[in-house]
Amino acid sequence: MKYFEVTFTAQPCNEIITDVLSGLTADIGFESFVECENGMKAYVQQSQFDEEALKQVIENFPIPDTIITYSITEPEDKNWNEEWEKNFFQPIVIDNRCVIHSTFHKDYPKAEYDIVINPQMAFGTGHHETTSSILGELLEADLKGKSVLDMGCGTSILAILASMRGAEKVTAIDIDDWCVNNSRDNIALNGISNITVELGDASLLKGHEPFDVIIANINRNILLQDMPAYAACMKKGSELYISGFYTQDIPVLREKAESLGMEYVHHREKHNWAAVKFIMKK
Ligand SMILES: C[S@@+](CC[C@H](N)C(=O)[O-])C[C@H]1O[C@@H](n2cnc3c(N)ncnc32)[C@H](O)[C@@H]1O
(Lines give C-alpha, C1' and ligand atoms only; values in the text may rest on other atoms or scores of the structure.)
Protein backbone atom coordinates (compact mmCIF):
# COMPACT_ATOMS: atom_id res chain seq x y z
CA MET A 1 0.00 0.00 0.00
CA LYS A 2 1.47 3.35 -0.97
CA TYR A 3 0.88 6.51 1.01
CA PHE A 4 1.33 10.24 0.48
CA GLU A 5 2.64 12.34 3.32
CA VAL A 6 0.96 15.75 3.23
CA THR A 7 2.59 18.47 5.33
CA PHE A 8 0.15 21.24 6.27
CA THR A 9 1.28 24.66 7.44
CA ALA A 10 -1.35 26.77 9.20
CA GLN A 11 -1.30 30.45 10.05
CA PRO A 12 -2.14 30.99 12.85
CA CYS A 13 -1.41 27.49 14.15
CA ASN A 14 -3.07 26.13 17.28
CA GLU A 15 -4.68 22.92 18.54
CA ILE A 16 -8.20 23.91 17.47
CA ILE A 17 -7.06 24.49 13.91
CA THR A 18 -5.13 21.19 13.66
CA ASP A 19 -8.07 19.31 15.27
CA VAL A 20 -10.53 20.74 12.75
CA LEU A 21 -8.09 20.10 9.90
CA SER A 22 -7.54 16.46 10.93
CA GLY A 23 -11.32 15.92 11.26
CA LEU A 24 -12.01 17.36 7.80
CA THR A 25 -9.15 15.49 6.12
CA ALA A 26 -10.17 12.22 7.85
CA ASP A 27 -13.51 12.63 6.07
CA ILE A 28 -11.69 12.57 2.72
CA GLY A 29 -9.61 9.49 3.48
CA PHE A 30 -6.60 10.67 5.53
CA GLU A 31 -5.70 8.05 8.13
CA SER A 32 -3.11 9.35 10.56
CA PHE A 33 -2.01 12.74 11.81
CA VAL A 34 1.14 13.95 13.52
CA GLU A 35 1.43 17.51 14.82
CA CYS A 36 4.58 19.33 13.79
CA GLU A 37 5.96 22.84 13.93
CA ASN A 38 3.43 25.29 12.39
CA GLY A 39 0.96 22.56 11.42
CA MET A 40 0.72 18.81 10.97
CA LYS A 41 1.70 15.91 8.76
CA ALA A 42 -1.10 13.64 7.59
CA TYR A 43 -1.02 10.33 5.71
CA VAL A 44 -3.39 9.15 3.00
CA GLN A 45 -3.32 6.09 0.78
CA GLN A 46 -2.40 7.12 -2.73
CA SER A 47 -5.41 5.23 -4.10
CA GLN A 48 -7.68 7.29 -1.78
CA PHE A 49 -6.10 10.69 -2.37
CA ASP A 50 -8.42 13.27 -3.96
CA GLU A 51 -6.55 16.54 -4.34
CA GLU A 52 -9.68 18.39 -5.51
CA ALA A 53 -11.45 17.39 -2.28
CA LEU A 54 -8.41 18.58 -0.30
CA LYS A 55 -8.47 21.95 -2.08
CA GLN A 56 -12.18 22.25 -1.20
CA VAL A 57 -11.43 21.53 2.47
CA ILE A 58 -8.84 24.30 2.53
CA GLU A 59 -10.96 26.75 0.52
CA ASN A 60 -13.99 26.21 2.79
CA PHE A 61 -12.03 25.94 6.04
CA PRO A 62 -14.58 26.89 8.73
CA ILE A 63 -12.29 29.00 10.96
CA PRO A 64 -12.02 32.52 9.48
CA ASP A 65 -8.65 34.18 8.83
CA THR A 66 -6.78 30.89 8.73
CA ILE A 67 -4.27 30.36 5.93
CA ILE A 68 -3.42 26.75 5.18
CA THR A 69 -0.85 25.57 2.67
CA TYR A 70 0.38 22.05 1.99
CA SER A 71 3.08 20.05 0.25
CA ILE A 72 2.97 16.40 -0.77
CA THR A 73 5.75 13.84 -0.57
CA GLU A 74 5.86 10.08 -0.92
CA PRO A 75 7.38 8.32 2.09
CA GLU A 76 9.52 5.36 1.13
CA ASP A 77 7.49 2.17 1.81
CA LYS A 78 10.16 -0.07 3.21
CA ASN A 79 11.83 2.21 5.72
CA TRP A 80 8.55 3.58 6.95
CA ASN A 81 7.25 0.08 7.47
CA GLU A 82 10.36 -1.18 9.26
CA GLU A 83 10.48 1.87 11.49
CA TRP A 84 6.85 1.49 12.34
CA GLU A 85 7.12 -2.23 13.10
CA LYS A 86 10.17 -1.70 15.27
CA ASN A 87 8.85 1.29 17.15
CA PHE A 88 5.08 1.17 17.21
CA PHE A 89 3.58 -2.28 16.78
CA GLN A 90 3.54 -3.72 20.29
CA PRO A 91 1.23 -6.62 21.20
CA ILE A 92 -2.19 -5.34 22.22
CA VAL A 93 -4.98 -6.95 24.26
CA ILE A 94 -8.60 -6.04 23.50
CA ASP A 95 -11.18 -6.25 26.30
CA ASN A 96 -8.96 -8.75 28.19
CA ARG A 97 -10.02 -11.42 25.67
CA CYS A 98 -8.10 -11.01 22.43
CA VAL A 99 -4.37 -10.51 21.94
CA ILE A 100 -2.92 -9.27 18.65
CA HIS A 101 0.78 -9.66 18.03
CA SER A 102 3.16 -10.24 15.19
CA THR A 103 5.50 -13.12 14.33
CA PHE A 104 8.42 -10.97 15.49
CA HIS A 105 6.98 -10.62 19.03
CA LYS A 106 8.38 -13.31 21.29
CA ASP A 107 6.83 -12.24 24.58
CA TYR A 108 3.13 -11.37 24.61
CA PRO A 109 0.15 -11.92 26.94
CA LYS A 110 -2.01 -15.03 26.58
CA ALA A 111 -5.71 -14.58 25.82
CA GLU A 112 -8.81 -16.47 24.73
CA TYR A 113 -8.28 -15.34 21.10
CA ASP A 114 -4.73 -15.10 19.76
CA ILE A 115 -4.36 -13.29 16.41
CA VAL A 116 -1.06 -13.10 14.52
CA ILE A 117 -0.78 -10.17 12.13
CA ASN A 118 2.20 -9.23 9.99
CA PRO A 119 0.79 -5.91 8.89
CA GLN A 120 3.45 -4.70 6.44
CA MET A 121 1.78 -1.56 5.14
CA ALA A 122 -1.84 -2.68 5.58
CA PHE A 123 -4.10 -0.93 8.12
CA GLY A 124 -5.32 -3.15 10.95
CA THR A 125 -3.17 -4.10 13.94
CA GLY A 126 -5.84 -3.38 16.56
CA HIS A 127 -4.12 -0.21 17.72
CA HIS A 128 -6.35 2.24 15.90
CA GLU A 129 -9.45 3.26 17.85
CA THR A 130 -11.75 2.24 15.00
CA THR A 131 -10.27 -1.27 14.73
CA SER A 132 -10.29 -1.88 18.47
CA SER A 133 -13.90 -0.67 18.79
CA ILE A 134 -15.08 -3.09 16.11
CA LEU A 135 -12.99 -5.90 17.64
CA GLY A 136 -14.83 -5.14 20.91
CA GLU A 137 -18.17 -5.39 19.09
CA LEU A 138 -17.18 -8.71 17.50
CA LEU A 139 -16.19 -10.10 20.91
CA GLU A 140 -19.74 -9.41 22.09
CA ALA A 141 -21.61 -10.44 18.93
CA ASP A 142 -23.10 -13.87 18.39
CA LEU A 143 -21.29 -14.99 15.23
CA LYS A 144 -21.75 -18.77 15.50
CA GLY A 145 -22.67 -20.20 12.10
CA LYS A 146 -23.11 -16.70 10.60
CA SER A 147 -22.01 -15.40 7.21
CA VAL A 148 -19.85 -12.30 7.60
CA LEU A 149 -18.60 -9.63 5.20
CA ASP A 150 -15.52 -7.57 6.17
CA MET A 151 -15.58 -4.59 3.80
CA GLY A 152 -12.28 -2.68 3.67
CA CYS A 153 -10.51 -5.57 5.36
CA GLY A 154 -6.95 -4.10 5.51
CA THR A 155 -4.94 -6.85 7.24
CA SER A 156 -8.20 -8.89 7.65
CA ILE A 157 -7.88 -8.62 11.43
CA LEU A 158 -11.68 -8.27 11.80
CA ALA A 159 -12.41 -11.15 9.42
CA ILE A 160 -9.95 -13.34 11.36
CA LEU A 161 -11.61 -12.60 14.71
CA ALA A 162 -15.05 -13.21 13.15
CA SER A 163 -13.86 -16.62 11.97
CA MET A 164 -12.33 -17.43 15.38
CA ARG A 165 -15.65 -16.44 17.01
CA GLY A 166 -17.47 -19.12 15.03
CA ALA A 167 -18.56 -17.42 11.79
CA GLU A 168 -19.21 -20.09 9.21
CA LYS A 169 -18.13 -18.21 6.11
CA VAL A 170 -16.33 -14.87 5.88
CA THR A 171 -15.80 -12.68 2.81
CA ALA A 172 -13.08 -10.02 3.07
CA ILE A 173 -12.89 -7.28 0.43
CA ASP A 174 -10.42 -4.42 -0.08
CA ILE A 175 -9.73 -2.07 -2.98
CA ASP A 176 -6.01 -2.23 -2.34
CA ASP A 177 -4.06 -5.18 -3.74
CA TRP A 178 -1.43 -4.81 -1.02
CA CYS A 179 -4.19 -5.39 1.57
CA VAL A 180 -5.54 -8.36 -0.35
CA ASN A 181 -2.10 -10.02 -0.43
CA ASN A 182 -1.40 -9.13 3.19
CA SER A 183 -4.83 -10.50 4.20
CA ARG A 184 -4.08 -13.83 2.52
CA ASP A 185 -0.75 -14.04 4.40
CA ASN A 186 -2.37 -13.21 7.75
CA ILE A 187 -5.25 -15.66 7.23
CA ALA A 188 -2.72 -18.44 6.50
CA LEU A 189 -0.60 -17.41 9.52
CA ASN A 190 -3.67 -17.95 11.72
CA GLY A 191 -4.47 -21.33 10.13
CA ILE A 192 -7.91 -20.18 8.95
CA SER A 193 -9.63 -21.71 5.92
CA ASN A 194 -13.11 -20.14 5.77
CA ILE A 195 -12.21 -16.57 4.69
CA THR A 196 -12.32 -15.64 1.01
CA VAL A 197 -10.45 -12.47 0.08
CA GLU A 198 -11.42 -10.42 -2.95
CA LEU A 199 -9.95 -7.33 -4.58
CA GLY A 200 -12.56 -4.65 -5.28
CA ASP A 201 -15.22 -2.44 -3.80
CA ALA A 202 -18.97 -2.46 -3.13
CA SER A 203 -19.68 -3.19 -6.81
CA LEU A 204 -18.60 -6.80 -6.05
CA LEU A 205 -21.69 -7.13 -3.86
CA LYS A 206 -24.19 -6.79 -6.71
CA GLY A 207 -26.55 -9.77 -6.62
CA HIS A 208 -24.75 -11.32 -3.64
CA GLU A 209 -26.84 -13.38 -1.23
CA PRO A 210 -27.51 -11.67 2.11
CA PHE A 211 -24.89 -11.68 4.85
CA ASP A 212 -25.86 -12.10 8.51
CA VAL A 213 -23.23 -9.59 9.58
CA ILE A 214 -21.46 -6.80 7.67
CA ILE A 215 -18.46 -4.94 9.08
CA ALA A 216 -17.11 -1.84 7.35
CA ASN A 217 -14.34 0.23 8.92
CA ILE A 218 -13.60 2.66 6.07
CA ASN A 219 -14.50 6.36 6.24
CA ARG A 220 -17.54 8.62 6.39
CA ASN A 221 -17.86 9.41 2.69
CA ILE A 222 -17.31 5.89 1.39
CA LEU A 223 -19.77 4.54 3.95
CA LEU A 224 -22.39 7.10 2.90
CA GLN A 225 -21.80 6.21 -0.74
CA ASP A 226 -21.69 2.41 -0.32
CA MET A 227 -24.28 1.81 2.41
CA PRO A 228 -27.07 1.17 -0.16
CA ALA A 229 -24.95 -1.63 -1.64
CA TYR A 230 -24.42 -3.08 1.84
CA ALA A 231 -28.15 -2.79 2.61
CA ALA A 232 -28.95 -4.70 -0.59
CA CYS A 233 -26.95 -7.64 0.88
CA MET A 234 -28.78 -7.67 4.21
CA LYS A 235 -31.99 -9.39 5.32
CA LYS A 236 -34.24 -8.85 8.33
CA GLY A 237 -32.06 -9.18 11.43
CA SER A 238 -28.71 -8.71 9.61
CA GLU A 239 -26.28 -6.55 11.57
CA LEU A 240 -24.09 -3.75 10.24
CA TYR A 241 -21.07 -2.48 12.20
CA ILE A 242 -19.44 0.66 10.80
CA SER A 243 -16.46 2.73 11.87
CA GLY A 244 -13.80 5.02 10.44
CA PHE A 245 -15.44 8.36 11.29
CA TYR A 246 -15.82 10.83 14.13
CA THR A 247 -18.66 10.99 16.67
CA GLN A 248 -19.96 14.17 15.02
CA ASP A 249 -20.57 12.14 11.83
CA ILE A 250 -22.91 9.67 13.57
CA PRO A 251 -26.16 11.60 12.80
CA VAL A 252 -25.59 11.70 9.03
CA LEU A 253 -24.59 8.01 8.90
CA ARG A 254 -27.52 7.08 11.13
CA GLU A 255 -29.92 8.98 8.88
CA LYS A 256 -28.56 7.11 5.86
CA ALA A 257 -28.83 3.70 7.57
CA GLU A 258 -32.40 4.47 8.73
CA SER A 259 -33.40 5.54 5.23
CA LEU A 260 -32.28 2.07 4.09
CA GLY A 261 -34.47 0.26 6.65
CA MET A 262 -31.96 -0.16 9.48
CA GLU A 263 -32.36 0.66 13.15
CA TYR A 264 -29.62 2.20 15.30
CA VAL A 265 -28.64 -0.14 18.16
CA HIS A 266 -25.73 1.57 19.95
CA HIS A 267 -22.32 3.13 19.41
CA ARG A 268 -18.87 3.22 20.99
CA GLU A 269 -16.50 6.19 21.17
CA LYS A 270 -12.73 6.27 21.62
CA HIS A 271 -10.86 9.57 21.36
CA ASN A 272 -13.75 10.93 19.30
CA TRP A 273 -13.60 8.02 16.82
CA ALA A 274 -16.96 6.23 16.60
CA ALA A 275 -18.23 2.72 15.83
CA VAL A 276 -21.96 2.16 15.33
CA LYS A 277 -24.11 -0.98 15.27
CA PHE A 278 -27.30 -1.13 13.18
CA ILE A 279 -29.81 -3.91 12.60
CA MET A 280 -31.89 -4.41 9.45
CA LYS A 281 -35.59 -4.18 10.20
CA LYS A 282 -37.06 -4.93 6.76
C1 LIG B 1 -9.46 2.10 8.05
S2 LIG B 1 -8.85 0.76 7.12
C3 LIG B 1 -9.59 -0.60 8.03
C4 LIG B 1 -8.80 -1.87 7.99
C5 LIG B 1 -9.31 -2.97 8.92
N6 LIG B 1 -10.62 -3.44 8.52
C7 LIG B 1 -9.36 -2.50 10.36
O8 LIG B 1 -10.47 -2.40 10.90
O9 LIG B 1 -8.32 -2.22 10.94
C10 LIG B 1 -9.87 0.93 5.69
C11 LIG B 1 -9.59 -0.07 4.57
O12 LIG B 1 -10.60 0.11 3.58
C13 LIG B 1 -10.04 -0.01 2.29
N14 LIG B 1 -10.96 0.73 1.41
C15 LIG B 1 -11.00 2.05 1.14
N16 LIG B 1 -12.03 2.33 0.32
C17 LIG B 1 -12.67 1.15 0.07
C18 LIG B 1 -13.80 0.80 -0.70
N19 LIG B 1 -14.51 1.70 -1.38
N20 LIG B 1 -14.18 -0.50 -0.72
C21 LIG B 1 -13.46 -1.44 -0.06
N22 LIG B 1 -12.36 -1.16 0.67
C23 LIG B 1 -11.98 0.13 0.75
C24 LIG B 1 -8.65 0.57 2.44
O25 LIG B 1 -7.78 0.08 1.45
C26 LIG B 1 -8.26 0.13 3.85
O27 LIG B 1 -7.55 -1.08 3.84
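Hydrogens, waters and symmetry mates play no part in the numbers below; they use all other heavy atoms, side chains included. Atoms within each ligand, like the ligands themselves, are counted from 1 in listed order. The structure presented is a predicted model; accordingly, all values stated were derived computationally and were not measured.
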Inset, instruction - Look at the side-chain heavy atoms of Ile, Leu, Val, Met, Phe, Trp and Tyr, link any pair under 4.5 Å apart, and say whether V93 and I115 land in one connected group. - result: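 Looking at the clustering, I115 is in a separate group from V93.
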Inset, instruction - For the pair K277 and E140, find out whether any cationic side-chain nitrogen is under 4.0 Å from an anionic carboxylate oxygen. - result: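 Salt bridge flag = no for E140 with K277.
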Legend entry - K235 and D212 ion-paired at < 4.0 Å: yes
Answer with yes or no whether the side chains of [Y] and [X] bring together a donor and an acceptor at under 3.5 Å.
X: N272; Y: Q248; result: yes
X: N118; Y: T103; result: yes
X: S156; Y: S183; result: yes

I'd like to know whether [atom1] of [X] has more than 12 heavy-atom contacts from other residues, nucleotides or ligands below 6.0 angstrom.
X: Q56; atom1: CD; answer: yes
X: N60; atom1: CG; answer: yes
X: K236; atom1: NZ; answer: no

Below 4.0 Å from any atom of ligand 1, is there a heavy atom belonging to [X]?
X: C153; answer: yes
X: I134; answer: no
X: T130; answer: no

Atoms in ligand 1 with a heavy atom of [X] nearer than 4.0 Å:
X: L158; value: 6 (N), 8 (O)
X: C179; value: 27 (O)
X: G154; value: 4 (C), 27 (O)
X: D176; value: 25 (O)

Inset, instruction - Indicate the ring-plane relationship of Y70 and F8, choosing parallel, tilted or perpendicular according to the 30° and 60° boundaries. - result: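 Rings of Y70 and F8: tilted, as their planes differ by 30° to 60°.
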Select one of side chain, backbone, both or neither to describe which atoms of [X] lie under 4.0 Å from any atom of ligand 1, heavy atoms only.
X: D226; result: side chain
X: S47; result: neither
X: Q48; result: side chain
X: I175; result: both
X: N217; result: both

Side chain or backbone, does [X] bring an N or O within less than 3.5 Å of an N or O on ligand 1?
X: I222; answer: no
X: T125; answer: no
X: D174; answer: yes
X: Q45; answer: yes

